[in-house]
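Scroll down for the structure; my scribbles are underneath it.
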Amino acid sequence: MEKSCTLLVHFDKGTPAIANEIKEALEGNDVPAKIDALKKAIMLLLNGETIPQLFITIVRYVVPSEDHTIQRLLLLYFEIIEKTDSKGTVLREMILICQNLLNNLNHPNEYIRGVTLRFLCRLKETEVIEPLIPAVLLNLEHRHPFVRRNAVLAVMSIYKLPQGEQLLDNAPDLIEKLISTEQDPSAKRNAFLMLFTSAQERAVNYLFTHIDRINDWGEQLQMVVLELIRKVCRANKGEKGKYIKIIISLLTAPSAAVVYECAGTLVSLSSAPTAIRAAANTYCQLLLSQSDNNVKLIVLDRLNELKSSHREIMVEMIMDVLRALSSPNLDIRRKTIDIALELITPRNIDEVVLLLKKEVMKTQGGELEKNGEYRQMLVQAIHSCAIKFPEVASTVVHLLMDFLGDSNVASAIDVVVFVREIIETNPKLRISIVTRLLDTFYQIRAARVCSCALWIIGEYCLSLAEVESGIATIKQCLGELPFYTPTEEGESQDTSKTSQQANSMTVSSRRPAILADGTYATQSAASETAMSPPMLAQGSLASVGNLRSLIVAGDFFLGAVVACTLAKLVLRLEEVQPSKVEVNKASSQALLIMTSMLQLGQSSFLPHPIDNDSYDRIVLCIRLLCNTGDDARKIWLQSCRQSFVKMLADKQFREAEEIKAKAQITHAQPDDLIDFYHLKSRKGMSQLELEDEVHDDLKRATGEFVKDGDDANKLNRILQLTGFSDPVYAEAYVTVHHYDIVLDVTVINRTKETLQNLCLELATMGDLKLVERPQNYTLAPESSKQIRANIKVSSTETGVIFGNIVYETSNVFERNVIVLNDIHIDIMDYISPATCADVAFRTMWAEFEWENKVAVNTVIQDEKGFLSHIIKSTNMKCLTPPSALEGECGFLAANLYAKSIFGEDALVNVSIEKQVDGKLSGYIRIRSKTQGIALSLGDKITLKQKGAA
């Protein structure tokens, strides 16, 4: 059986010490050599060696030494040596230790007395301690505080021993007398701790006797007072009121640690609005006063918990919480914004948006490294505010539109998506947004931002002036036509010949791209540097970031968007422009632009020709302008907008459903008792106590105190490790808690004889690590034993725990081994469903290097049914909206996302197709930053999809 260890010292196994060398050094007169030898002896003992011959040498040659270091090391040596025999009887030679300890307790030096008293705290042998008690009690009155504070701890440890009350029956009286006269803060704290643990009523009496002076006590004593309050209130909830007053008075303490503990204690004990408000105020003050980022993050976690349980009070504190944005740390800013966004109400929305606007403007000035990322965060926050409260959109939309040309592409995309949504949901802002967009369009540099901005121009330019301005802006950004000019006619002819060769090389010159649904498509890539400048029309690169330079660089998807926008604007011009001449002029100019883009795409001057999708879309626009029918006009001018409106409505519906799901709480049973506040006796109760009673009753009435037992789930976690016919039966209950796995193994002796030295030996595979070494047990016939094993987890990877049970019987000297079933640690215990933006998903998909591709092999024949089965099996969230999965087309593509407790992202794309015979085929692609999660999730999917029937 292994002993409990109170001492841990690093041991270098490369230089083992020899007992004889240690003995010689201890017998010498050289003090440094004695110190070194004593250290080596202690390290050998700590690592399982037994050196019994050293004890007498140490008593003879080391104990008489007056050196303080040697005396300190002696106490460590006495702490770890065996003091009892196999029967538990104290060894006779321990009397020699007693004498040494007694001398130390009466030593003239305070340090020797203090460390000896501290050593007595770890001594459990009553026979050794009993002769020392009078000397310990004398040290309670020593002149030096270091001795007194350790003497109090020694008295407390002795009193806690099994026979402690017989050894020191008057200990509480002595300590109570000491605490009333003691001036040293540490000694006073130790004395109060002694009363708190051993005589709780005396501690409570002392607390209320000196209630007026609590604020003057030291930080350590105040922390113990809070611990006492928590313990007393848990045992007797009826006395909470008078203790809460003490906690509130301690909120003004100068120590940040005490104030933090006070706030946490208040929240755990009371639900009264006054108490919660005081705790929230305290957290907000700590948020501003503490410079350590880790402290700020912890305080924000506490505020987040308060937000969940006491939202109405936290709403009042929103501006105080937002002051944490002054920290330059992005994690703190992100967490602060997340908390604030859930506390927004019609009352505070204006203040919040004003503050966010100021923060956005600050990001323009400074050249900080993370400004772009912070701006993106603020844009998303303002976007959320404007969706919840459309009336504030007018105050922010024009400010944000200044960032459409932001060098941070992600931030610019967020702005343009925000503008697109606001222009639809706020019809009053349409004219001002369109005008501002047309004025700032030339500043936009990113192709994806241009595409979205062009869609807005095409859909929301309605009046004659807007349509004409839209066409003019696009023409200005495209520059003069054509996009390129051959220098000689002969080269022009060569162009037509080489264009066919360029088309034949299309397949090899393209790379896969990821579409919005996560599927792959073919995309052409081109670089501006590949073009020879003389072949381009003058002015084509005059304005970096405009439409011309992007299209000339080979972005023909943007070219197709330009064509569609021009087609819509010309169709709308036909409706609002009475002059047919002007309409025909605009139409012919649009056709010229489209044909010029096709000419550029099929020329040999670009290393990559136009892709087929973009080519078909531009040709479609040309045909539309040449021959417009009423049906086509309706599709282009109305259906696109209707689809967008439907998408927004679907998004809002899903968000509302998620909020409803979160808001669901357990209600009380019909026959539960409810106390009526108005019928309660109010005699002698303060306002705070009354509030607390009321809120406790409300919580009880609404079922907030009731927690559902998950008994069925617990049964699923019991794993049988051995067979019923084995001499030893074992089963394990597996508990996974974040970074720890706890195995509670029940071992039953099914034989009629005693099993000796029974040991549960475990080994792990994967990123699992055993915390402690196995212990040996003796198991009586037909008796059982609970053995607990702790395992640390370091990453999201499917791990395996395997092992044996080894034991000996009295008849046979050989050891018996029973091999246990393997325990597979499920990846599902580590990952949970999460959400992320479409842009973020695609960015991560492009960045993550580990991909696991699993072929679909299932008996399920319904696409949506298979997707639901995969979502349920992998514990992931489907990011693809239900509206995108509607209909029966024989094909389905969806993105799934989850996050592990270690902060790892798991991305899954499901692409399946229904074959002619009704079976499903396709692939499930898993991507992650680390190999473990990709492989483990792939194994899980492979296993589950086969057993789907």
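Everything quoted here is computed from the prediction, not taken from an experiment.
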Look only at the side chain of [X] and the backbone of [Y], and say whether a donor-acceptor pair between them is shorter than 3.5 Å.
X    : Y    : value
S587 : N584 : no
T395 : V392 : yes
T880 : N895 : yes
R572 : S463 : no

I want to check something: taking the side chain as every heavy atom from C-beta on, are [X] and [Y] in contact at a cut-off of under 4.5 Å?
X    : Y    : value
E421 : K651 : yes
C450 : L547 : yes
L355 : L325 : yes
W455 : K568 : yes
N348 : M319 : no
L637 : E575 : yes
D350 : F389 : no
L356 : V360 : no

With rounding to the nearest 0.5 angstrom, report the [atom1] to [atom2] distance, [X] to [Y].
X    : Y    : atom1 : atom2 : value
L322 : I337 : CG    : CD1   : 8.0 Å
K358 : K362 : NZ    : NZ    : 8.0 Å
E459 : C640 : CD    : SG    : 5.0 Å
F841 : R927 : CZ    : CZ    : 9.5 Å
N293 : L330 : CG    : CG    : 10.5 Å
T473 : F441 : OG1   : CZ    : 8.0 Å

Mind listing the closest non-hydrogen atom pair of [X] and [Y] along with its distance?
X    : Y    : value
G559 : I551 : CA-CD1, 4.0 Å
A412 : V449 : CB-CG2, 3.7 Å
L399 : M361 : CD1-CG, 3.9 Å
C621 : M594 : CB-SD, 3.7 Å
L624 : A567 : CD2-CB, 4.1 Å
D905 : S928 : O-CB, 3.6 Å

Which one of R333, R334, K335 satisfies the salt bridge (Lys or Arg N to Asp or Glu O under 4.0 Å) criterion with D331?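 Testing D331 for a salt bridge (Lys or Arg N to Asp or Glu O under 4.0 Å) against R333, R334, K335 leaves exactly one candidate, R334.
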Show the numbers, then the answer: is there a salt bridge (Lys or Arg N to Asp or Glu O under 4.0 Å) between R430 and E466? CA-CA 11 Å; R430 185 192 63 79; E466 288 167 355; 2.9 Å; yes
Would you sort out whether R633 and E574 count as a salt bridge (Lys or Arg N to Asp or Glu O under 4.0 Å), showing the intermediate values? CA-CA 11 Å; R633 184 186 297 276; E574 289 178 9; 2.5 Å; yes
Any chance [atom1] of [X] has more than 12 other-residue heavy atoms, nucleotides or ligands included, within less than 6.0 Å?
X    : atom1 : value
K388 : NZ    : yes
Y897 : OH    : yes
K475 : NZ    : no
R623 : CZ    : no

Going through the checks in order, is the side chain to side chain contact (heavy atoms under 4.5 Å, CB included) test met by I349 and C385? CA-CA 7 Å; I349 181 67; C385 294; 3.7 Å; yes
Take F644 and E424, measure what side chain to side chain contact (heavy atoms under 4.5 Å, CB included) needs, and give me the verdict at the end. CA-CA 9 Å; F644 180 59; E424 175 57 43; 3.7 Å; yes
Between [X] and [Y], do the side chains contain an N or O donor and an N or O acceptor separated by less than 3.5 Å?
X    : Y    : value
D338 : T336 : no
E359 : Y374 : yes
D611 : S614 : yes

Q577: which of E468, E582, K585 passes side-chain hydrogen bond (donor to acceptor under 3.5 Å, both in side chains):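 The side-chain hydrogen bond (donor to acceptor under 3.5 Å, both in side chains) with Q577 is passed solely by E468 among E468, E582, K585.
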The single option from L648, I456, V415, I433 passing side chain to side chain contact (heavy atoms under 4.5 Å, CB included) against R420: I456
List the steps and the verdict of side chain to side chain contact (heavy atoms under 4.5 Å, CB included) for L454 and S451. CA-CA 5 Å; L454 284 167; S451 300; 5.8 Å; no
Yes or no on salt bridge (Lys or Arg N to Asp or Glu O under 4.0 Å) for D439 and R436, after CA distance, side-chain angles and deciding distance? CA-CA 5 Å; D439 289 343; R436 186 66 182 274; over 6 Å; no
Run the side chain to side chain contact (heavy atoms under 4.5 Å, CB included) check on L400 and F418 step by step: do they pass? CA-CA 9 Å; L400 293 184; F418 168 66; 3.4 Å; yes
